[in-house]
Amino acid sequence: MKQFLHFIGGAFVPSDSGKTFENRNPIDNSLIGLVSEGGRTEVEAAVAAARAAMKGPWGKMPVTKRAELLHAVADEINRRFDDFLAAEVADTGKPMAMASHIDIPRGAANFKMFADVIKNVPTETFEMATPDGGEALNYAIRKPRGVIAVVCPWNLPLLLMTWKVGPALACGNTVVVKPSEETPATATLLGEVMNKVGIPKGVYNVVHGLGPDSAGEFLTSHRDVDAITFTGETRTGQAIMAAASKGLRPVSFELGGKNAGIVFADADFEAAIDGIARSSFVNCGQVCLGTERVYVERPIFDKFVAALKVRAEAMKPGVPSDKATGIGPLISQEHRSKVLSYYAKAKAEGATIVTGGGVPDMPGELASGAWVQPTIWTGLPETASVVREEIFGPCCHIAPFDSEDEVVALANDTPYGLCTTVWTQNLGRAHRIAGQIDVGLCWINSWFLRDLRTPFGGSKQSGIGREGGVHSLEFYTELRNVCIKYA
Ligand code: NAD
Ligand code: 6OD
């Protein structure tokens with residue numbers, strides 16, 4: 001039986017209280033191991049270790065040396081690729097083909113990319129005349145913020161954690177990570193990597209635990225945490241923002257969404273079907289950027305619905321190691337209950353169930369896993385729950401539209417604003433739409449195509465701030481202006 005311990009000050013430690021919770025594999029609900037459940041004592045110790053490292057070797061280290069160490073972290077993740085892959089796949093049940101192409105390589109790349117950004121981005125300088133006829137020089141320097149709390153979700157555990165830890169460390173901060181209670185493994189494994197490559201003790205800390213009245217809340221309300229970066233549900237973001245208001249700590253939030261996909265009749269049909277099948281169903285629909293509302297121009301509506309049905313039905317549920325597996329399980333039984341409650345609501349609200357709507361028959365022990373069928377609905381009004389609320393499952397509602405203005409209004413009619421994916425071959429229309437949809441990310445004829453130098457984040461209730469490339473520096477550093485009057 002595996003034990004997932006906290007990683008504090010460079011050492012793996014259990015909770016003082018001896019409390020643990022279970023980590024289960026969603027493919028068959030089997031027990032993977034026991035996770036130490038952190039409380040105030042562990043949060044206190046981790047924040048103190050992070051503060052000490054900030055004042056000590058890490059705070060004093062030149063940026064070139066820091067960058068070198070972060071490259072070594074990435075190289076060591078790649079060297080232990082199979083360990084990370086096995087850990088991520090056991091926690092999430094996702095197909096190995098996906099985790100080995102996305103989760104683990106990106107987990108490593110996030111360290112190299114931000115190490116290179118911080119080494120190469122200059123600050124500004126201004127010469128000025130002074131009132132006494134003399135001269136002064138202004139220049140800005142970037143200083144780390146200090147101890148950063150990193151609170152993570154379960155859908156892309158290593159990728160989304162390192163997306164925050166990479167830039168935080170590159171900028172010279174230290175971190176205390178609170179991984180999701182569903183996916184403790186890769187954050188723990190990263191502790192071994194940090195020690196192996198010589199990251200000073202206390203720079204990277206992990207406290208396992210739950211959210212409210214547990215490690216998550218204790219960490220985000222800890223007054224010696226200088227800033228909080230969070231990915232997760234909008235409702236949780238509100239609770240964390242309230243905690244951050246005590247002491248006026250800055251936040252960076254990547255939150256929920258109800259993203260629209262828009263397909264015009266002039267789109268490359270096969271490419272659009274591919275794109276929407278991926279954006280609606282990949283990772284069993286558990287991608288914040290996923291498409292749960294699809295709008296298709298009326299002349300191709302029936303053909304599109306029929307083709308997406310074929311794609312959904314071809315997604316074979318199965319174990320991660322099977323190359324034929326098209327879709328894994330949801331993260332947990334609890335999340336499956338939530339997704340199935342929406343499947344029931346869609347039915348009750350009068351949806352036409354094009355495909356899915358239930359649980360697939362799985363053999364043997366897999367029958368205890370958190371499986372659901374990829375599901376497509378049509379025929380619901382825009383007011384229906386499954387059209388308005390984030391489900392975070394492999395499902396979408398498809399509705400027809402007749403004009404560009406109409407579809408822009410439909411896409412924008414949501415409190416969220418994370419992303420959209422638009423399919424058209426009309427270049428003018430693509431640019432027009434990109435300027436009109438209230439989102440942080442607009443993909444045209446593509447989806448989840450990532451250049452890590454670009455700004456990433458959501459508008460409206462989908463987030464606060466942007467990370468990526470130089471934009472991460474805005475959150476993970478503070479600019480200090482130095483003004484020198486020449487003698
Ligand atoms: P969640 O909000 O339930 O949990 C995220 C983390 O917050 C977990 O570590 C949890 O323990 C912690 N937490 C919960 N309550 C807390 C509290 N009161 N104080 C401090 N910490 C607390 O989210 P989830 O279910 O893990 O992830 C799914 C959600 O994340 C979806 O809404 C999805 O859209 C969103 N998400 C957004 C992005 C993005 O980039 N915008 C990316 C991935 C996931
Ligand atoms: O690619 C990324 O950097 C990123 N933050 C992806 C988020 C995916 C959400 O589930």
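Just so you know, ligand 1 is whichever comes first in the structure, and atom 1 is the first atom listed for that ligand. These figures come from a predicted structure and were not determined experimentally.
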Which protein residues have a heavy atom closer than 4.0 Å to any atom of ligand 1, listed by chain and number?
-> Val151, Cys152, Pro153, Trp154, Asn155, Leu160, Lys178, Pro179, Ser180, Glu181, Leu210, Gly211, Pro212, Gly216, Glu217, Thr220, Phe230, Thr231, Gly232, Glu233, Thr236, Ala239, Ile240, Glu254, Leu255, Gly256, Cys288, Glu390, Phe392, Leu418, Phe456
Can a donor-acceptor pair be found between the side chains of Thr162 and Asn110 at a distance below 3.5 Å?
-> yes
Using the six-membered ring wherever Trp is involved, compare the ring planes of Phe253 and Phe230 and label them parallel, tilted or perpendicular (cut-offs 30° and 60°).
-> perpendicular
Between Phe4 and His208, what is the ring plane arrangement, given parallel below 30°, perpendicular above 60°, and tilted in between?
-> perpendicular
Decide whether a cation-pi geometry holds between Arg450 and Trp163; the criteria are a distance under 6.0 Å from NZ or CZ to the six-membered ring centre and an angle within 45° of the ring axis.
-> yes
Side chain, backbone, both or neither: Arg106 near ligand 2, heavy atoms under 4.0 Å | side chain
Could you tell me whether Lys338 atom NZ has more than 12 heavy atoms of other residues or ligands within 6.0 Å of it?
-> yes
Would you confirm whether the ring centroid of Phe392 sits within less than 6.0 angstrom of the ring centroid of Trp154?
-> yes
For atom 8 (C) of ligand 2, the protein heavy atom that lies nearest, with its residue and separation | Cys288 SG, 3.2 Å
Can you list the ligand 2 atoms lying under 4.0 Å from a non-hydrogen atom of Asn155?
-> 9 (C), 10 (O)
How does Leu452 reach ligand 2, if at all, at less than 4.0 Å between non-hydrogen atoms: by side chain, backbone, both, or neither?
-> neither
Pair Lys258-Glu390, salt bridge (charged side-chain N to carboxylate O under 4.0 Å, His left out): steps then yes or no | CA-CA 5 Å; Lys258 190 72 185 175; Glu390 184 187 53; over 6 Å; no
Top protein contact for atom 7 (C) of ligand 2, by heavy-atom distance = Leu160 CD2, 3.5 Å
Answer yes or no: are there more than 12 heavy-atom neighbours, outside Lys201 itself, under 6.0 Å from its atom NZ?
-> no
Salt bridge (charged side-chain N to carboxylate O under 4.0 Å, His left out) between Asp103 and Lys94: does it pass, once the steps are laid out?
-> CA-CA 10 Å; Asp103 299 64; Lys94 64 178 76 188; 2.7 Å; yes
So which bit of Leu156 gets within less than 4.0 Å of ligand 2, heavy atoms only: side chain, backbone, both or neither?
-> side chain
Short N/O distance, under 3.5 Å, between Arg450 and ligand 2?
-> yes
Ligand-side contact atoms (ligand 2) for residue partner Val287, heavy atom cut-off under 4.0 Å = 10 (O)
Think Arg145 forms a cation-pi with Tyr476, using NZ or CZ under 6.0 Å from the six-ring centre and within 45 degrees of its axis?
-> no
